[in-house]
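Comments concern the structure below.
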Amino acid sequence: MDKVDKIFEILNKEYPKWNAPVIQFMAQNGDDPFKILVSTILSLRTKDEVTAKASERLFKVVKTPQDLLNLSEEEIEKLIYPVGFYRNKAKVLKEVARELIQNYNGKVPDNLEDLLKLKGVGRKTANLVLSAAYKKPAICVDTHVHRIANRVGFVKTKDPHQTEFELMKVIPQKYWQDINKLFVAFGQTICKPIKPKCDECPINDYCEAYKNGSVKSGR
DNA sequence: AAAACGGGGGC
DNA sequence: GCCCCAGTTTT
């Protein structure tokens, strides 16, 4: 069995042990692209749990872009507090809602180009929406994915953008969905930026950084 | 008191 | 490509 197959097999098996509130939350909320987009925007620089709670509160009131637009920024701020940047995010959320209604019939675009045109949406957010909401082949590179891919040895680059393209070459497409789902949870609990728990790591046999002792406290 | 949490956007 | 951004939680 190929090393890549083995790694994903193990991570999939271990996954239930890890907590990734946002992912669980998204799973509970089906694949509604709008909710996934909003949650992802909220998650910026904010802990998973907090994002999940804030999303839950917001979605009790807001189901569509129009709902969002009907609220004042202050009302949105109250709903999403205490996510970091709540003031800015409230503004972004309203702007995104406005763009969705004006340019996309109130629906979240299902292609990278249009998603990237939205305010506050970059490659990470866009790819997550494509993957989670539309089940399209896309790899969402956040700091966890970037760090883990480099440690394990899938890629060797400092540029997250480059990581995205390298991973697409190295990892078979059938696993792209797994990357987005598994790596965040794995990165938060085991393969942490500093003080990673390599002794408890289920895939340390396959990790280049572990083998050559270069898993420093660093990103 | 200081560091950690992370992605987008401007230049 | 590098640097800035901002609020809450954790150490």
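Within every chain, numbering begins at 1; the chains are lettered A, B, ... in the order of the sequence lines, protein sequences first and strands thereafter. For the numbers below, each heavy atom of this structure counts, side chains included, while hydrogens, waters and symmetry mates do not.
- Closest approach to the A/T143 side chain among C/dT9, C/dA6, B/dG7 is made by B/dG7 (side chain taken as heavy atoms from C-beta onward).
- In this structure, A/T125 reaches the B/dG8 phosphate: one of its side-chain N or O atoms is under 4.0 Å from OP1 or OP2.
- Between the CG atom of A/L44 and the C1' atom of C/dC5 there is a distance of 10 Å, rounded to whole Å.
- Of the candidate nucleotides C/dT9, B/dG7, B/dG6, B/dG6 has the atom lying nearest to any side-chain atom of A/H144.
- Picking from B/dG7, C/dA6, C/dG7 the nucleotide with the shortest atom distance to the side chain of A/K124 gives B/dG7.
- Using a 4.0 Å cut-off between charged side-chain N and carboxylate O, A/K94 and A/E73 make no salt bridge.
- Taking atom P in both C/dT9 and B/dG8, the straight-line distance is 23 Å, to the nearest Å.
- Scanning for side chain to side chain donor-acceptor pair (under 3.5 Å) contacts around A/D159 gives an empty result, with sequence neighbours left out.
- Cation-pi geometry between A/K6 and A/Y206 is not met at under 6.0 angstrom from the ring centre and within 45 degrees of the axis.
- Taking every side-chain heavy atom of A/R87 into account, C/dG7 is the closest of B/dA4, B/dG7, C/dG7.
- Rounded to the nearest Å, the gap between the C1' atom of B/dG9 and that of C/dT8 is 23 Å.
- Side-chain proximity of A/I194 to the nucleotides C/dA6, C/dT9, B/dA4 is greatest for B/dA4.
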Using a 3.5 Å limit on both pairing distances, list the dot-bracket string of DNA chain B from the 5' end; Watson-Crick and G-U wobble pairs count, crossing pairs take [ ], interstrand pairs take |. |||||.|||||

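- Using a 4.0 Å cut-off between charged side-chain N and carboxylate O, A/K89 and A/E95 make no salt bridge.
- By the side chain to side chain donor-acceptor pair (under 3.5 Å) test, A/D5 pairs with A/Y175, sequence neighbours left out.
- With A/F59 as the aromatic partner, A/K35 meets the cation-pi criteria of under 6.0 angstrom to the ring centre and within 45 degrees of the ring axis.
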